[in-house]
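Just below is one structure, and these are the notes that go with it.
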Amino acid sequence: MSIRRTKIREALDKDGDGAEMTLMGWVRNIRPQKNRTFIHLNDGSTIQHAQVVADPSLDNYEAVLRMGVGSSVAVQGRWVESAGRGQKSELIADRIVIVGEADAEKYPLQPKRHSFEFLREIAHLRTRTNTFGAVFRIRGALARATHDFFGDRGFVYVHSPILTGSDCEGAGEMFQVTTMDLAAVPKTPAGQVDFGRDFFGKQAGLTVSGQLEAELMALGLGDVYTFGPTFRAENSNTARHLSEFWMVEPEMAFCDLEDDIDLAEDYLRALVSDVLHHHEDDLAFLEKNVSKGLVAELERCVDRRFARVSYQDVLRIMESSGRRFEFPVTWGMDLQTEHERFLCEEHFKGPVVVYNYPKESKAFYMRVNDDDKTVAAMDVLLPRVGEIIGGSQREERYDVLERRMAEFGLSQDDYRWYLDTRRFGTVPHAGFGLGFGRAVQYATGMANIRDAVPFPRAPRNLEF
Ligand code: 4AD
Ligand code: MG
């Protein structure tokens, strides 16, 4: 549109001095009264609506009265002080162009409260609600805060590939990528799938993590980070798992586990404080309508150091708590949701970093500690969302890494490039991965990760 459009966010910052302006947006509410009609307009730039006053002198007043909630309009008028309560200023309309009409009867978003489950079914329209407007503005802000944080510290933003031949986490959760005709898959004489005849000449998948490539880059560039989509074909239908999610993965050369934890803590704090300082009205809305206590919790996260406790001590704390856990507390177990909640919500009442995990329960690349029982791994756990970050110091000793890969049954041939970085000028290095969807959950108070991403992908779920 050739007319200069003022964003509602900008308009609301201005005094109502009668200046001409044009607002464009979607109608959230229409209240016809005897001599005029009040229209609430939202354009996504802020959670606040602009009030438009339409009076019968408009040529198309009848059409304006008939248009439904959800219609899109361009309103040219004067921005004046409002006589009514509820807003400081309002737009007295001189001209209203109905850009795209919506049939109010059929429009799925009525001006009332809808359940998040219902809104997930109409995810193509839910960005027009207050809640999802707030969530996606905050999601965008967290992405920007991520680039600011790492950029300010001299990290190089690198892109790791999405198509890969290696399962970084070794959990066998890779989606396969193929161009083979599934009805006539080529077989080897031994009767196995002949991936040699597939597109890449080998078995390929969607990456579960950009870490291995980030390591290669860090061992030349020093400090790097990746921020991109990752995929997991695990069949878990939980409120914090997705099949496709974005991960932020910093990797640092000349760095040990403690430096890694320090960075994770600083980064999380930077994310939360960005939201607290720049998204007050979205947060106020979420606090009131979605998650009571959200702001206080975010403030605690920024104000206090995170608790740091070894895996061994976590077991001791849980054993001596006198609590009966559904999953018994034994050396080697993975921390389950109930354990994470107990630690963050009851025992430490805030974020917790757990480090030095049993080596059997973790991936091949983690550095083996001197006790030969544990690896230099760490997870950051948060109240409500549980594990948000997983990271480690990496095994930089060639011979130890070789041995570990053999234990995990990994072929040295496949990982020749990974081993090379340890063969030539190896250095201690460390990094972590932050689940971006879970960070959005934490910052917005949304209980389900499917409501923290615009179009969630999960088992049996691939709409839009
Ligand atoms: O703990 P994970 O599996 O660690 C890694 O992938 C490492 N390679 C990262 C690294 O060191 N560079 O995953 C990291 C984080 C988790 O802590 C969690 O927040 C998130 O990614 N995550 C998921 N988020 C949504 N849906 C899933 N299915 C997720 N799986 C992991
Ligand atoms: Mg993990």
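One-based numbering, in listed order, for ligands and for the atoms of each.
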Original post:
Under the salt bridge (Lys or Arg N to Asp or Glu O under 4.0 Å) criterion, do E340 and R240 qualify, and how do the steps go?
Top reply: CA-CA 13 Å; E340 293 176 352; R240 47 185 211 159; 2.9 Å; yes
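Residue-ligand proximity: K362 is placed with every non-hydrogen atom at 4.0 Å or more from ligand 1.
The side chain to side chain donor-acceptor pair (under 3.5 Å) test applied to R300 returns no partner, not counting sequence neighbours. Residues satisfying the ring pair (Phe, Tyr, Trp, His ring centres under 6.0 Å) criterion with H241, sequence neighbours excluded, are absent altogether. By the ring pair (Phe, Tyr, Trp, His ring centres under 6.0 Å) test, Y225 is found to be paired with H147, F150, Y157, residues two or more places apart in sequence or in another chain being considered.
When ring centroids are compared, F325 and F342 come within the 6.0 Å threshold. Taking the six-membered ring where the residue is Trp, the centroids of Y267 and F155 are separated by 6.0 Å or more.
Of the protein's non-hydrogen atoms, the one nearest atom 26 (N) of ligand 1 is L242 N, 2.9 Å. For atom 6 (O) of ligand 1, the closest non-hydrogen atom of the protein is R232 NH2, 2.9 Å. Of all protein heavy atoms, the one lying nearest to atom 18 (C) of ligand 1 is R438 NH1, 3.5 Å. Nearest non-hydrogen protein atom to atom 27 (C) of ligand 1 is F245 CE2, 3.5 Å. Scanning the protein heavy atoms around atom 20 (C) of ligand 1, the nearest turns out to be G435 CA, 3.6 Å. Protein heavy atom at the shortest distance from atom 15 (C) of ligand 1 is G433 O, 3.6 Å. In terms of protein heavy atoms, atom 19 (O) of ligand 1 is closest to I388 O, 2.8 Å.
With rounding to the nearest 0.5 angstrom, the NE2 atom of H429 is 10.5 Å from the CG atom of D260. Interatomic distance, E215 CD to T226 OG1, rounded to the nearest 0.5 Å: 11.5 Å. Here I47 contributes atom CD1 and R9 contributes atom CZ; the two are 11.0 Å apart, rounded to the nearest 0.5 Å.
In this structure, D13 contributes its side chain and E10 its backbone to no donor-acceptor pair below 3.5 Å. Checked by atom type and distance alone, the side chain of Y442 never pairs as donor or acceptor with a backbone atom of L298 at under 3.5 Å.
Excluding waters, the protein N/O/S atoms found under 2.8 Å from the Mg ion (ligand 2) are E387 OE2.
In this structure, F132 and F116 have perpendicular ring planes: the angle between them is above 60°, well past the 30° mark.
Against a heavy-atom cut-off of under 4.0 Å, G390 is close to the following atoms of ligand 1: 1 (O), 9 (C), 10 (C), 11 (O), 17 (O). Here is the list of ligand 1 atoms found below 4.0 Å of a heavy atom in E234: 28 (N). Within the listing of ligand 1, atoms 10 (C), 11 (O), 12 (N) sit less than 4.0 angstrom from a heavy atom of R394. Listed by atom number, the atoms of ligand 1 under 4.0 Å from S209 heavy atoms are 6 (O), 8 (N). Less than 4.0 angstrom separates some heavy atom of I449 from each of these atoms of ligand 1: 25 (C).
Under 4.0 Å from ligand 1, not a single heavy atom of R457 appears. Of the heavy atoms in Y365, only side-chain atoms (C-beta onward) come closer than 4.0 Å to ligand 1.
Counting heavy atoms only, E387 comes closest to atom 16 (C) of ligand 1 of the residues E387, E244, Q211, H241. Among E249, E169, R240, the residue whose heavy atom lies nearest to atom 25 (C) of ligand 1 is R240.
A donor-acceptor pair shorter than 3.5 Å cannot be found between the side chains of D413 and S411. Side chain to side chain, Y418 and Q412 fail the donor-acceptor criterion of an N or O pair below 3.5 Å.
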